[in-house]
Amino acid sequence: MDNQRNLILAIALSFLLLLGWTSAMDYFYPQPEQALVEDRADTPTEQASQAAATQHSRTGGLVDPAMRAQEVADLKVALASPERLRIDAPRVAGSINLRGGVIDDVVLKGYNETTRKDSDPVRIFSPNGTPAQQFAQFGWVGSNLKVPGPQTLWEADGDVLTADTPVTLTHDNGEGLTFSIRYSIDDQFMVTAEQKVANTAGNPVVVQPFGLVNRTSRTASEDLWIAHSGPIGVFGDTAEYDVDYDDLDEDQRVSPEGRTSWAGFTDIYWLAALVPQDDAAPETTFRAMGNETYRADMIYEATTLPSGNALTVTSRLYAGAKESAVLDSYEDAGLQKFGLAIDWGWFRWFEKPMLWLLRTIYDAVGNFGIAIIALTFIVRGLMFPIAQKGFASMAEMKAIQPKMKAIQEKYKDDKPKQQQEIMELYKKEKVNPVAGCLPMLLQIPVFFALYKVLYLAIEMRHRDFLWVKDLSAPDPANLANALSYVGIDVPQFLMIIFGLGVLAVLLGFTMWLTFRLNPSQMDPMQQKIFDIMPWILMFVMAPFAAGLLLYWVTSNILTLAQQKYLYSKHPQLRASIEEEKQKKAAEAAKAS
């Protein structure tokens with residue numbers, strides 16, 4: 001018994017150490033604040049320490065308050081420049097910097113930064129040098145040529161880029177070459193850049209068009225096993241999720257093998273990706289630029305352009321939300337595996353129909369929380385016959401337990417004969433020993449798929465349900481938030497307790513009830529471990545999105561109802577389990 005208590009104590013202490021170590025270190029040994037962006041004199045060592053100290057939220061964006069303030073100030077200065085061409089499309093707004101011809105100001109209509117009514121729209125692109133910088137640029141590499149550069153001031157033939165009015169930027173290098181970029185945008189998030197260079201000089205020239213996306217990792221969402229954040233693309237016939245920002249810091253540059261279908265950077269909800277011309281095979285490289293900035297280059301093959309000729313290359317840029325229906329529409333139009341910009345994983349054949357069903361239910365009921373509950377009911381209902389079959393198999397196995405024990409006792413010294421007699425018993429009683437396990441195995445991918453849909457779906461972002469204003473964020477109904485209203489800030493290392501929300505508590509309680517309703521045949525030590533598991537999981541899952549917790553709580557409640565019903569249909573199973581449980585408890589009491 002002492003060994004059992006020590007084991008349980010060790011598990012509990014390990015759990016507290018796992019959750020509390022980072023918080024305790026931050027509290028007792030706080031890290032210095034990051035330097036502001038205008039401090040460009042940092043040494044590589046200082047840059048590395050800053051990168052290590054950068055915090056990331058699940059959904060991305062600047063976390064450090066000083067960085068946020070600096071971003072606001074820098075944007076005010078940069079966007080006030082008269083050298084800008086306005087963008088006003090159905091789902092995108094912003095501007096193009098005519099100094100360099102850079103797309104560096106993009107916000108998304110219909111998506112806000114916060115749930116406040118006066119919130120600014122989500123910003124995808126910010127100018128170079130700002131704390132949240134992310135931008136795209138199209139241009140040329142030339143051999144001994146004067147090509148447009150970052151300081152080139154382009155001339156525009158229009159004032160506003162809209163879905164109906166493309167805009168062309170032109171630049172004459174004064175040496176017989178005229179460069180132009182014709183920008184157009186559709187009614188979603190795709191920009192088309194038609195790059196053209198005309199040679200009126202007396203000699204042939206060699207030019208290479210390129211496109212790039214540059215960004216900082218300071219705004220990156222967390223890179224988790226369930227949701228990739230970082231470099232992404234489709235190369236050859238494969239979607240690439242294996243490279244992250246740490247890999248780029250270590251290798252400095254990564255060039256995926258295979259023809260590029262599209263490439264860029266992703267967060268959990270947002271995507272910036274370059275799409276090459278259909279008949280071209282540009283070289284694509286991801287690079288670490290230092291100071292937490294990274295670049296995806298797409299460079300076309302060098303082309304010799306004779307005098308009097310012109311070369312045109314058409315590329316595209318996706319800068320927007322990872323809406324599954326939108327991504328799939330581009331894939332249906334020929335953009336290879338663009339729907340895999342969402343890291344669905346192995347079970348996408350289950351997940352995408354579930355997402356469609358979730359959207360359909362939401363359109364019908366008008367509340368995303370109710371849609372989650374309804375979807376959980378539907379999935380549980382579809383899985384019920386499988387669960388019922390598993391329970392029936394368990395009942396059959398329980399019914400022949402006395403006969404199995406008799407065989408085991410009779411042939412305890414002859415294992416081959418024992419196995420032979422047990423198999424004969426199975427055949428005689430028409431019992432399949434694995435039939436109880438298979439239904440459970442069949443349910444695992446389905447319920448994991450539902451979990452991942454709720455984790456990845458942008459449709460859940462900023463949707464409310466009862467007291468929850470954003471189902472994609474943690475449950476706000478916790479003691480820490482309540483204390484903040486009266487001016488009391490809870491230390492970070494105490495958030496494990498004070499940050500417990502209502503949904504997390506309900507999750508722990510309903511999970512405990514399911515364990516209690518389904519008595520185990522484990523030995524007392526294992527039983528005690530399982531008794532504390534619901535409360536451990538309650539703390540572990542508390543920071544998860546409220547929509548996920550709502551799904552788990554609903555699923556647990558349905559599991560309770562399902563178990564009640566199935567036990568009523570198979571009373572011999574519950575009676576047998578209860579009898580064996582009491583027997584083991586009595587044996588344990590005698591041993592102590």
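What you see is a predicted model, and the numbers here were worked out from it, not measured in a lab.
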Does a donor on one side chain and an acceptor on the other come within less than 3.5 Å for [X] and [Y]?
X: Y330; Y: D186; result: yes
X: E71; Y: S126; result: yes
X: D237; Y: Q336; result: yes
X: N556; Y: T510; result: yes

Just verifying a value: how many Å separate [X] [atom1] and [Y] [atom2], rounded to the nearest 0.5 Å?
X: L454; Y: F544; atom1: CG; atom2: CZ; value: 12.5 Å
X: E222; Y: S229; atom1: CD; atom2: OG; value: 9.0 Å
X: D251; Y: R287; atom1: CG; atom2: CZ; value: 13.5 Å
X: M541; Y: L548; atom1: CE; atom2: CG; value: 9.5 Å
X: L317; Y: F125; atom1: CG; atom2: CZ; value: 5.0 Å
X: L75; Y: Q133; atom1: CG; atom2: CD; value: 11.5 Å

Any [X] side-chain heavy atom under 4.5 Å of [Y] side chain:
X: W344; Y: K352; answer: yes
X: K452; Y: F347; answer: no
X: D223; Y: D246; answer: no

Exercise. Verify, without hydrogens or angle tests, whether E113 (side chain) and S119 (backbone) share a donor-acceptor contact under 3.5 angstrom.
Key: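 The answer is no, because no donor-acceptor pair under 3.5 Å joins these two groups.
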
Quiz item: Within the distance-only criterion (no hydrogens, no angle test), does the side chain of R295 pair as donor or acceptor with the backbone N or O of F286 below 3.5 angstrom?
Solution: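 Side chain of R295 to backbone of F286, a donor-acceptor pair under 3.5 Å: no, none is there.
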
Practice problem: Kindly indicate, with the supporting measurements, whether the criterion salt bridge (charged side-chain N to carboxylate O under 4.0 Å, His left out) is fulfilled by R359 and E323. | Solution: CA-CA 11 Å; R359 286 197 304 258; E323 297 177 10; over 6 Å; no

Practice problem: Applying side chain to side chain contact (heavy atoms under 4.5 Å, CB included), run through F235 and E240 and close with a yes or a no. | Solution: CA-CA 7 Å; F235 307 96; E240 175 63 68; 3.8 Å; yes

Minimum heavy-atom separation for [X] to [Y], with atom names?
X: I342; Y: L327; result: CG1-CD1, 3.7 Å
X: S261; Y: G236; result: OG-O, 4.4 Å
X: S472; Y: R58; result: O-NH2, 2.6 Å

Quiz item: Any idea how Y245 and F265 line up, ring-wise: parallel (<30°), tilted (30 to 60°), or perpendicular (>60°)?
Solution: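 Rings of Y245 and F265: parallel, as their planes differ by under 30°.
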
Practice problem: For F350, enumerate each residue passing the ring-ring contact (aromatic ring centres under 6.0 Å, His included) test, keeping only those at least two apart in sequence or located in another chain. | Solution: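 In terms of ring-ring contact (aromatic ring centres under 6.0 Å, His included), with neighbours along the sequence ignored, F350 is linked to no residue.
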
Practice problem: Decide if atom NZ of K469 counts as having more than 12 heavy atoms of other residues, nucleotides or ligands within a radius under 6.0 Å. | Solution: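 Not buried by this count: 12 neighbours or fewer within 6.0 Å.
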
Quiz item: Would one find more than 12 heavy atoms of other residues, nucleotides or ligands at under 6.0 Å from atom NZ of K337?
Solution: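 More than 12 heavy atoms, drawn from other residues, nucleotides or ligands, come within 6.0 Å of this atom.
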
Practice problem: Just do the side chain to side chain contact (heavy atoms under 4.5 Å, CB included) check on Q134 and N214 with the steps written out, would you? | Solution: CA-CA 5 Å; Q134 183 168 212; N214 181 299; over 6 Å; no

Self-check item: Audit row: R461, V122, side chain to side chain contact (heavy atoms under 4.5 Å, CB included) steps and yes/no
Solution: CA-CA 12 Å; R461 183 179 183 272; V122 166; 3.5 Å; yes

Self-check item: Test side-chain contact (heavy atoms from CB on, under 4.5 Å) applied to K196 and T312, T314, V313, the passing residue
Solution: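 That would be T312; it is the only one of T312, T314, V313 passing the side-chain contact (heavy atoms from CB on, under 4.5 Å) with K196.
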
